[in-house]
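Here's the structure we're looking at; comments come further down.
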Amino acid sequence: MRERNNTEQCAISSLMQYFCKSRLESPAASAGCTLCPQDWQLLGERCYRLSNEKGSWSQGKKGCENQDSQLAVFREKKEKEYIKNITGRGTQPVWIGLISSDKKWSWVDNTSFNTKMFGTLQEMAKGCGTLKDEVLEVNICDGEHEWVCQKDPFQLSPPRTGDGEKCDASV
């Protein structure tokens, strides 16, 4: 990785001061802070975004991939609550990254579906998962729903200055 020049270090320092004010006073500030792109929400350790359109599960998957993300994948029960917060309602199902192939459910990242954590789902040769009011549901994949994408946040870390150079406050 190439070394940063003083201008880059100062710009990063200014960004840290602007975006991470509350965290700069804490002992964990050296770990930096996390940021999501515009129109995305940081919940837990991921950025989430509800689509502005409806489409099939495949369209949702492609829509997320076009934003360098994936349909939402649950590792913990609280992630279902995050999606409810994103949708703001919970009365309409939204596509998530759950799909059945040959009667076996898995997530879009190729991890298996945890039935101990989330319960069992109907066996289907081909089906797609939605979330409605914190309940996982099975749907035909060409139904029309909004979808929820997730991605890892951008880590804004403090600059490593070892040379003692000062930043100009106007940067």
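If you read the sequence from its start, that first residue is 1, and numbering goes on from there.
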Original post:
Restricting to pairs with a member in residues 103-136, which pass disulfide bond (SG atoms under 2.5 Å apart), not counting sequence neighbours?
Top reply: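 Disulfide bond (SG atoms under 2.5 Å apart) check on residues 103-136 returns C128-C141.
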
Original post:
Is E81 close to E134 at the side-chain level, that is, under 4.5 Å between some pair of heavy atoms?
Top reply: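 Contact flag for E134/E81 side chains = yes.
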
Original post:
Under 4.5 Å between any side-chain heavy atoms of I83 and Y48, yes or no?
Top reply: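 In contact.
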
**OP:** Would you name the heavy atoms of C47 and L35 that are closest together and state the gap between them?
**Re:**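 Closest pair (atom of C47, atom of L35, distance): SG-O, 4.1 Å.
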
Subject >> salt bridge (Lys or Arg N to Asp or Glu O under 4.0 Å) pairs, two or more places apart, involving residues 50-73 >> reply: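 Salt bridge (Lys or Arg N to Asp or Glu O under 4.0 Å) check on residues 50-73 returns K61-E65.
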
Between [X] (side chain only) and [Y] (backbone N and O only), is there a donor and an acceptor less than 3.5 Å apart?
{"X": "S51", "Y": "W147", "answer": "yes"}
{"X": "T111", "Y": "W107", "answer": "no"}
{"X": "K84", "Y": "D133", "answer": "no"}
{"X": "S69", "Y": "C149", "answer": "no"}

Set of residues satisfying salt bridge (Lys or Arg N to Asp or Glu O under 4.0 Å) with respect to [X], sequence neighbours excluded:
{"X": "R49", "value": "none"}
{"X": "D142", "value": "none"}
{"X": "K78", "value": "E76"}

Nearest 0.5 Å, what's the [atom1]-[atom2] distance between [X] and [Y]?
{"X": "I86", "Y": "L43", "atom1": "CD1", "atom2": "CG", "value": "4.5 Å"}
{"X": "Q41", "Y": "Y82", "atom1": "CD", "atom2": "OH", "value": "12.0 Å"}
{"X": "K132", "Y": "T87", "atom1": "NZ", "atom2": "OG1", "value": "12.0 Å"}
{"X": "Q155", "Y": "C33", "atom1": "CD", "atom2": "SG", "value": "7.5 Å"}

Only counting residues at least two apart or in another chain, list the ones meeting side-chain contact (heavy atoms from CB on, under 4.5 Å) with [X].
{"X": "K77", "value": "M117, F118"}
{"X": "Q70", "value": "V73, V108, D109, Q150"}
{"X": "T130", "value": "P93, W95, E137, N139, H145"}
{"X": "Q59", "value": "S56, E144"}

Original post:
If two hydrophobic side chains count as joined below 4.5 Å and joins carry through other members, does F74 share a cluster with W40?
Top reply: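 F74 and W40: separate clusters.
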
Quick one: side chains of residues 98-105, donor-acceptor pairs under 3.5 Å with protein atoms, not counting sequence neighbours, listed by atom name and distance.
from : atom 1 : to   : atom 2 : distance (Å)
S100 : OG     : M124 : O      : 2.6
W105 : NE1    : Q122 : O      : 2.9

Subject >> side chain to side chain contact (heavy atoms under 4.5 Å, CB included) between I96 and L136, worked out >> reply: CA-CA 9 Å; I96 57 173; L136 294 173; 3.3 Å; yes

Subject >> L71 vs V148, side chain to side chain contact (heavy atoms under 4.5 Å, CB included): CA-CA, chis, key distance, verdict >> reply: CA-CA 6 Å; L71 285 168; V148 176; over 6 Å; no

